[in-house]
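This report refers to the structure that appears directly beneath it.
Computed from a predicted structure; not experimentally measured.
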Amino acid sequence: MSFTKTFPTKLPLKLLVLLCMLLNLSIASAQTQKSGPFNIIQIEGIRVFGKSIDHQTRCVHWHSSLDVIAIKFKCCDKYYPCFSCHEEEANHEHQVWPKGEFDQKAILCGVCGHELSITDYMNADNTCPKCEASFNPGCSNHYHLYFEVEQKKVGFKK
């Protein structure tokens, strides 16, 4: 059976135009869609929002074997795997934790569910004090996105 015998060729022009528009719209939508769905995982009863790809808080943005923490955002009191997950899902500006609140539990180990204070996390030598899971040492490059810290100055000596 040939295609011309099974496809109605006398469709009204408006219907053909509408079908073409819908097809183009769905293609454009698929191309501009952000990768991965938002979801919520639970670790030891604590909810983690964002674009997690496993149950140890790795996400579509950061997913090495060492990317196993979630950070509680000061602005909304919710844990997210990373800054990008928060920016893509939250409908508000982020806030950094002030130095005076570094005693607050705001870091979640994705391996065992242990919550660390910001101070404990910064002093933990990139290791969970409870289960000894290794954390990504590169996360310290992003502290300024989450915590009130001095920005590292990169420059040339004169």
Y121 and C139: CA distance, side-chain angles, deciding distance, side chain to side chain contact (heavy atoms under 4.5 Å, CB included) verdict: CA-CA 11 Å; Y121 170 67; C139 290; 3.6 Å; yes
Heavy-atom pair of closest approach, residues L66 and S134: CD2-CB, 3.5 Å
Which atom of H114 lies closest to which atom of C128, heavy atoms considered: CB-SG, 4.2 Å
Salt bridge (Lys or Arg N to Asp or Glu O under 4.0 Å) contacts in which one or both residues fall within residues 75-85, not counting sequence neighbours: K72-D77
Sidechain N-carboxylate O distance under 4.0 Å for E101, K74: yes
Gap between atom CZ of R47 and atom CG of N39 - 0.5 Å precision: 12.0 Å
Parallel, tilted or perpendicular: ring planes of Y80 versus F49, cut at 30 and 60 degrees: tilted
Check: Y146 and V96 side chains under 4.5 Å, non-hydrogen atoms: no
Centroid separation F73 to H86 less than 6.0 Å: yes
Residues I43, T57; criterion side chain to side chain contact (heavy atoms under 4.5 Å, CB included); working and verdict: CA-CA 9 Å; I43 299 172; T57 74; 3.3 Å; yes
Transitive ILVMFWY side-chain link I69 to I118, under 4.5 Å: yes
Salt bridge (Lys or Arg N to Asp or Glu O under 4.0 Å) contacts touching residues 104-120 (sequence neighbours left out): none
Candidate pair H55 and Q42, rule side chain to side chain donor-acceptor pair (under 3.5 Å), full reasoning: CA-CA 8 Å; H55 289 302; Q42 284 202 24; over 6 Å; no
E89 CD to S84 OG distance, which is reported to the nearest 0.5 Å: 12.5 Å
Distance-only side-chain donor-acceptor flag, H144 / E150, under 3.5 Å: no
W62 atom CH2: more than 12 heavy-atom contacts under 6.0 Å: no
Distance-minimising heavy-atom pair for I107 and S117: CG1-O, 4.4 Å
Interatomic spacing from OG in S64 to CZ in R58 - rounded to 0.5 Å: 7.0 Å
Side-chain donor or acceptor of Q56 paired with backbone N/O of V111 under 3.5 Å: no
Reported SG-to-CD distance for the pair C109 and E44, which is rounded to 0.5 angstrom: 10.0 Å
Side chain to side chain contact (heavy atoms under 4.5 Å, CB included) between F135 and V68, worked out: CA-CA 6 Å; F135 300 150; V68 292; 3.9 Å; yes
Any N126 side-chain heavy atom under 4.5 Å of N136 side chain: no
Closest non-hydrogen atom pair between H94 and C75, with its separation: CA-SG, 3.7 Å
L108 versus I46, closest heavy-atom pair with distance: CD1-CD1, 3.7 Å
Shared hydrophobic cluster, M122 / I71 (ILVMFWY, side-chain heavy atoms < 4.5 Å): yes
Rounded distance [0.5 Å steps], SG in C82 versus CG in L145: 9.5 Å
Residue pair H63 / H61: nearest heavy atoms and the distance that separates them: ND1-C, 4.0 Å
CA sep, side-chain torsions, deciding dist, call: W97, Q104, side chain to side chain contact (heavy atoms under 4.5 Å, CB included): CA-CA 9 Å; W97 286 93; Q104 296 295 307; 3.8 Å; yes
Nearest-0.5 Å distance, OG1 of residue T119 to CG of residue L116: 10.5 Å
